[in-house]
Novice: 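So that we are looking at the same thing, I have put the structure below in structure tokens.
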Amino acid sequence: MHGSLTYGFGARTYDLASRTHIMGILNVTPDSFSDGGRYATSTTAVDRALAMVEEGADFIDVGGESTRPRGSTYGGGATPVSEEDELARVIPVIEEIVRRTDVPVSIDTYKSVVARRALAAGAAIVNDISGFGFDPAMPTVVGEAGASAVVMHIKGTPQTMQRDPVYEDLFGEIVGYLSDALARGRAQGVRQMMVDPGIGFGKTVTDNYRLLGGLSRFAALGVPVLVGPSRKWFIGAVTNLPVGERLEGTLAAVTACILNGANIVRVHDVREARRAAQVADAIRRPPV
């Protein structure tokens, strides 16, 4: 995407069209599909966040509820978490990250109560997997706080999304969903939004690969495009490798995302993704 997409996040200002920006994933959960339980205490979570900053993360995305899907790959799927438990997991972590770095923090939640508290604790972005679809109060909370939002496409809910998802028009349906989400945000005063096509959220393996190849179609929405391919099942389906051995596949997906127009990639392996992004950016815009 050419031209300026300059967004302010607290003390930081990024031109999201100038290079690929990296969002580091911090799951403060016991049951994430990728690193469940690894950063479930505040101390280990904050340490990991600061390590990702050192590795080159432009954002830290803190999540207190896994959205691991139900199905043959992940078993029963993630267990829904109460607002109280989610807040207890994420708020101390956000407060400490914000105290120790000015790298913008994103709260990965679809609950407006959690979003409100996280923004008050210093988060600058709400990353809503439902694209303002699960909690009608969410755009008002984001707008009143003067915060930014990532609106993602999902078909169904985490418990139902992988039950044989079918699209008549894959790109048309997702673009329409995201366009509606942007309109809801704008109506409530949300000035800075990004879109995420929702890789793995109610899509078949083929759908996911088609989306990565056609990401440029989301540029028509006029806002930055964020993609989260990291370690996901569509990579394992091709490589026949478990979650812990999907780094190379993730980096291939990250490169494809960038060459097809992604502005932000959301990843677990920040250092490696940053290095891949530097080369992919140079292919996209050859250095003078």
Side-chain angles (χ1 to χ4, degrees), residues 5-30 32-64 66 89-108 118-119 121-127 147-148 150 194 196 224 226-232 243-255 257-258 262-282 284 287:
L5 287 174
T6 301
Y7 277 29
F9 306 96
R12 296 275 182 119
T13 299
Y14 296 141
D15 177 0
L16 296 172
S18 66
R19 62 172 174 84
T20 303
H21 289 67
I22 309 294
M23 178 176 279
I25 299 169
L26 185 64
N27 291 315
V28 194
T29 59
S32 166
F33 85 91
S34 176
D35 49 15
R38 194 168 176 190
Y39 308 114
T41 69
S42 293
T43 300
T44 56
V46 172
D47 287 347
R48 176 59 189 149
L50 296 175
M52 288 193 287
V53 169
E54 288 298 311
E55 292 172 7
D58 299 294
F59 306 93
I60 302 296
D61 190 43
V62 179
S66 173
R89 291 174 181 178
V90 301
I91 298 303
V93 172
I94 292 170
E95 289 175 340
E96 188 64 10
I97 295 171
V98 169
R99 191 178 72 82
R100 297 176 67 175
T101 179
D102 68 355
V103 168
V105 173
S106 167
I107 175 65
D108 180 358
L119 295 171
I125 305 163
V126 174
N127 182 7
S148 302
V150 177
M194 298 151 270
D196 179 345
L226 181 152
V227 190
S230 190
R231 302 181 184 174
K232 287 185 176 174
V243 169
E245 296 182 37
R246 295 178 187 165
L247 174 60
E248 298 90 347
T250 295
L251 297 180
V254 162
T255 300
C257 290
I258 294 167
N263 304 100
I264 306 167
V265 290
R266 181 180 179 274
V267 295
H268 300 86
D269 303 288
V270 169
R271 177 187 290 112
E272 294 86 348
R274 184 77 180 211
R275 291 172 177 172
Q278 288 171 326
V279 175
D281 281 344
R284 195 172 163 193

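Note that these values count all heavy atoms, side chains included, but never hydrogens, waters or copies made by symmetry.
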Novice: Do you know which two heavy atoms are closest between Thr29 and Gly63, and how far apart they sit?
Specialist: CG2-O, 3.6 Å
Novice: Residues two or more places apart in sequence or in another chain: which of them pass side-chain contact (heavy atoms from CB on, under 4.5 Å) with Glu272?
Specialist: Leu247, Leu251, Asp269
Novice: Which residues pass the side-chain contact (heavy atoms from CB on, under 4.5 Å) test with Thr101, sequence neighbours left out?
Specialist: Leu50, Val53, Ile97, Val103
Novice: At what distance, to the nearest 0.5 angstrom, does CD1 of Ile125 lie from CD1 of Ile264?
Specialist: 7.0 Å
Novice: Testing the basics here: between Ile22 and Ala277, what is the closest heavy-atom pair and its distance to 0.1 Å?
Specialist: CD1-CB, 4.2 Å
Novice: Could you list the residues that satisfy side chain to side chain donor-acceptor pair (under 3.5 Å) with Thr6, not counting sequence neighbours?
Specialist: Ser4
Novice: Mind checking what makes side-chain contact (heavy atoms from CB on, under 4.5 Å) contact with Arg271, not counting sequence neighbours?
Specialist: Glu55, Arg275
Novice: Quick check: closest heavy atoms across Ala123 and Val98, and the distance to 0.1 Å?
Specialist: N-CG2, 4.5 Å
Novice: With rounding to the nearest 0.5 Å, note down the distance linking CZ in Arg19 to CG in Asp58.
Specialist: 4.0 Å
Novice: Taking only residues two or more places apart in sequence, or in another chain, which ones meet Arg12 in a side chain to side chain donor-acceptor pair (under 3.5 Å)?
Specialist: Tyr14, Asp102
Novice: Check the orientation of Phe59 and His21. Use parallel for under 30°, tilted for 30 to 60°, and perpendicular for over 60°.
Specialist: tilted
Novice: Run the side chain to side chain donor-acceptor pair (under 3.5 Å) test against Glu95 and tell me which residues pass, sequence neighbours left out.
Specialist: none
Novice: List for me each residue that meets salt bridge (charged side-chain N to carboxylate O under 4.0 Å, His left out) alongside Asp61, sequence neighbours excluded, and say none if there are none.
Specialist: Arg266
Novice: Is there a donor-acceptor pair closer than 3.5 Å between any side-chain N or O of Asp15 and the backbone N or O of Leu5?
Specialist: yes
Novice: How would you list, by chain and number, every residue that makes a side chain to side chain donor-acceptor pair (under 3.5 Å) with Asp281, sequence neighbours excluded?
Specialist: Thr20
Novice: Do side-chain atoms of Thr255 reach the backbone of Ala280 as a donor and acceptor pair under 3.5 angstrom?
Specialist: no
Novice: Out of Arg231, Arg48, Met52, which one pairs with His268 under the side-chain contact (heavy atoms from CB on, under 4.5 Å) rule?
Specialist: Arg231
